[in-house]
Number of protein chains: 2
Amino acid sequence: MKQFTKYIIKNSLKRIFLYRACLSRLKLMGVEKVFSYTLANETGVTSEQVRKDFSEFGIKGNKKGGYNTNELLEVMENIFHRNKEHNIILIGMGNLGIALSKHSQFIQRNMNIVATFDIDPFKQKVRSDIPVYSLSRLKEIIDRFKVKVAILAVPEISAQEVTDELVRLGIKGIVNFAPVLLKVPQDVIINNVNLCNELESVIYYVHQQIKADGSKNLELLYKGMKY
Amino acid sequence: MKQFTKYIIKNSLKRIFLYRACLSRLKLMGVEKVFSYTLANETGVTSEQVRKDFSEFGIKGNKKGGYNTNELLEVMENIFHRNKEHNIILIGMGNLGIALSKHSQFIQRNMNIVATFDIDPFKQKVRSDIPVYSLSRLKEIIDRFKVKVAILAVPEISAQEVTDELVRLGIKGIVNFAPVLLKVPQDVIINNVNLCNELESVIYYVHQQIKADGSKNLELLYKGMKY
DNA sequence: GAAATGATGTGAAACAATTCACAAAATACA
DNA sequence: TGTATTTTGTGAATTGTTTCACATCATTTC
Ligand SMILES: NC(=O)c1ccc[n+]([C@@H]2O[C@H](COP(=O)([O-])OP(=O)(O)OC[C@H]3O[C@@H](n4cnc5c(N)ncnc54)[C@H](O)[C@@H]3O)[C@@H](O)[C@H]2O)c1
Ligand SMILES: NC(=O)c1ccc[n+]([C@@H]2O[C@H](COP(=O)([O-])OP(=O)(O)OC[C@H]3O[C@@H](n4cnc5c(N)ncnc54)[C@H](O)[C@@H]3O)[C@@H](O)[C@H]2O)c1
């Protein structure tokens with residue numbers, strides 16, 4: 001039986017990020033028209049792949065005319081809901097948390113860290129433009145700013161307990177920097193960013209003496225390689 | 001014709017990281033014997049997948065007896081060359097660079113940041129245990145410590161030029177935090193870590209109202225999901 | 001305005017990854 | 001000792017993804 005659900009594939013979504021990065025650059029350079037093979041060359045995928053990905057997201061181009069850079073970028077912004085403002089909170093204002101709170105790109109991309117939280121009263125003194133609160137104010141802020149996504153930069157040991165509280169208060173997505181596999185209900189999305197693992201991946205591939213077959217971006221090397 | 005090359009698949013490598021995280025925890029809890037379905041439950045994959053992944057990396061268990069936690073962990077450490085010391089350098093001691101340089105887990109995992117570099121003489125004053133050098137000393141340090149892997153935390157605008165220099169001096173793998181697609185020779189591995197993208201992925205999936213089908217870890221949601 | 005060209009878009013084919021199904025082996029237990 | 005049970009390990013089947021091949025159409029050229 002034919003299903004009525006449609007599937008969006010993670011890999012294609014990942015590639016959309018690549019295309020967008022490439023398009024942003026081309027736009028800055030004043031390029032108005034872009035072809036599938038341009039994006040393909042720049043990102044290390046094939047041009048068929050680019051077009052298949054586009055078709056997956058319903059993106060149409062002009063026969064012989066390629067794609068309009070601005071339109072394409074706009075479609076991609078919409079895919080990632082960048083037309084809307086997103087209120088984010090950040091838990092844990094330690095080394096990493098402070099760096100993240102100062103990262104200007106989040107704001108440029110409509111992702112506003114509306115507040116940060118730390119258990120340590122000392123850290124709660126303002127150390128950046130963004131206020132640092134005690135965890136007791138979590139509910140208030142989440143409700144007020146309708147926050148759905150949180151960044152978690154607390155020590156491994158506290159990560160699960162903080163997560164439980166966030167989920168209880170209605171958070172639906174977490175970018176987690178602590179090296180633990182968090183347990184959450186089915187409807188909550190966890191994106192683990194483990195910087196040690198990222199480094200170890202590179203070490204792994206460097207050791208395997210990868211002669212990458214076309215692309216050199218690790219995120220695209222999912223197909224496998226000789227060793 | 002049968003090929004003599006063997007392929008290691010990126011997805012399975014990614015899952016090995018998950019299994020390892022899980023095993024570390026089980027080890028701390030004093031668990032000596034682990035079954036494929038234990039790891040499967042904990043990580044959200046199927047037990048067949050666990051065994052297939054293991055067979056890919058040549059890991060053998062005991063029929064009915066499962067796997068020995070310690071042995072399994074050891075094999076995984078070897079996969080990631082954690083028995084060897086790895087000398088790493090870090091370029092760009094701004095907000096992110098400082099946070100990374102203070103991250104203790106790198107050392108715990110045999111990845112030593114032997115030196116950091118910054119173009120700004122002010123930043124070159126010691127701000128952590130690790131020395132901060134001018135870029136003029138790159139060659140000396142890379143040669144002395146036989147550095148093959150670098151962490152790049154410089155602004156977008158300088159990322160490519162610094163990369164060119166690193167590659168020229170023999171660096172073979174880069175973890176890149178700048179939101180640009182770096183151009184490097186075929187034999188150099190780039191692992192782009194784009195924290196904005198990681199956040200946007202979460203926003204994307206939260207918006208799609210994902211009811212994740214088994215696993216809630218974004219890195220495993222490559223298979224696709226209903227919306 | 002007809003022919004050549006150059007790009008998209010997409011079924012079909014090829015390839016890759018996962019799941020299924022079950023044999024084989026180790027252990028437990030009667 | 002033999003039978004039941006449990007878990008691994010892996011071919012086969014299925015499912016998913018990428019590449020191929022080419023029809024199609026817009027544009028340029030003659
Ligand atoms: N520093 C890095 O570059 C880096 C890199 C990769 C991963 N990480 C991970 O990110 C996390 C944070 O790292 P860090 O270096 O910033 O550590 P850190 O110790 O400097 O900061 C942790 C902060 O969390 C706060 N905190 C502790 N328990 C809390 C709780 N229950 N609720 C709210 N806040 C709490 C602490 O007061 C502290 O300010 C860790 O899990 C670490 O493993 C850090
Ligand atoms: N801060 C974050 O949390 C964060 C998050 C995601 C991505 N990033 C990315 O990481 C990079 C660094 O971010 P940041 O916030 O630390 O920026 P930053 O401006 O605080 O730090 C950049 C550092 O690089 C140094 N630098 C500049 N040009 C250099 C060169 N040619 N050689 C060596 N050093 C040079 C500067 O002196 C500065 O110390 C940026 O590309 C940023 O987009 C940062």
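Below, each value reflects all heavy atoms present in this structure, side chains not excepted, and no hydrogens, waters or symmetry copies. Here is how names work: the chains are called A, B, and so on, in the same order as the sequence lines, proteins then strands, and each is numbered from 1.
Taking the side chain of Arg51(A) as heavy atoms from C-beta on, and the options dA21(D), dA17(C), dG9(D), the nearest nucleotide is dA21(D). Set against dT18(C), dG9(D), dT10(C), the side chain of Arg15(B) has dT18(C) as its closest nucleotide.
Contacts between residues 29-41 of chain B and DNA chain D, defined by a heavy-atom separation below 4.0 Å, involve Phe35(B), Ser36(B), Tyr37(B), listed by number.
An OP1 or OP2 oxygen of dT19(C) is reached within less than 4.0 angstrom by a side-chain nitrogen or oxygen of Thr46(B).
No hydrogens or angles were tested; on distance alone, a donor-acceptor pair under 3.5 Å links the side chain of Lys64(B) to the base of dT27(C).
Distance NZ (Lys14(B)) to P (dA16(C)): 19 Å, rounded to an integer number of Å. Taking atom CD on Glu48(B) and atom P on dC22(C), their separation rounds to 13 Å, with Å as the unit. Atom CG of Leu72(A) is separated from atom C1' of dT8(C) by 13 Å (rounded to the nearest Å). The CD-P distance, from Glu56(A) to dT17(D), rounds to 8 Å in whole Å. Computed from coordinates, the Phe57(B) CZ to dG9(D) C1' distance equals 17 Å when rounded to whole Å. Tyr67(A) places its OH atom 9 Å from the C1' atom of dA7(C), with the value rounded to the nearest Å. One atom, NZ of Lys60(A), and another, C1' of dC25(D), lie 13 Å apart when rounded to the nearest Å. Between Gln49(B) atom CD and dT8(D) atom P there is a gap of 15 Å when expressed in whole angstrom units.
A donor-acceptor contact shorter than 3.5 Å links the side chain of Thr69(A) to the backbone of Val31(A).
Ser101(A) approaches Ile113(A) most closely through the heavy-atom pair CA-CD1, 4.3 Å. Closest approach of Cys196(A) to Met111(B), counting heavy atoms only: O-CE, 4.0 Å.
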Working for salt bridge (charged side-chain N to carboxylate O under 4.0 Å, His left out), residues Arg15(A) and Glu56(A): CA-CA 12 Å; Arg15(A) 286 190 299 262; Glu56(A) 176 130 32; over 6 Å; no
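Using a 4.0 Å heavy-atom criterion, one finds that Gly65(A) contacts no nucleic acid atom at all. Residue contacts shown for Lys52(A) include a base, since a base heavy atom lies under 4.0 Å away.
The aromatic rings of Phe54(B) and Tyr67(B) stand perpendicular to each other, their planes meeting at an angle above 60°, with 30° marking the opposite boundary. Taking the six-membered ring for Trp and thresholds of 30 and 60 degrees, Tyr37(B) and Phe35(B) have nearly parallel ring planes, at less than 30 degrees apart. Taking the six-membered ring for Trp and thresholds of 30 and 60 degrees, Phe17(A) and Phe80(A) have nearly parallel ring planes, at less than 30 degrees apart.
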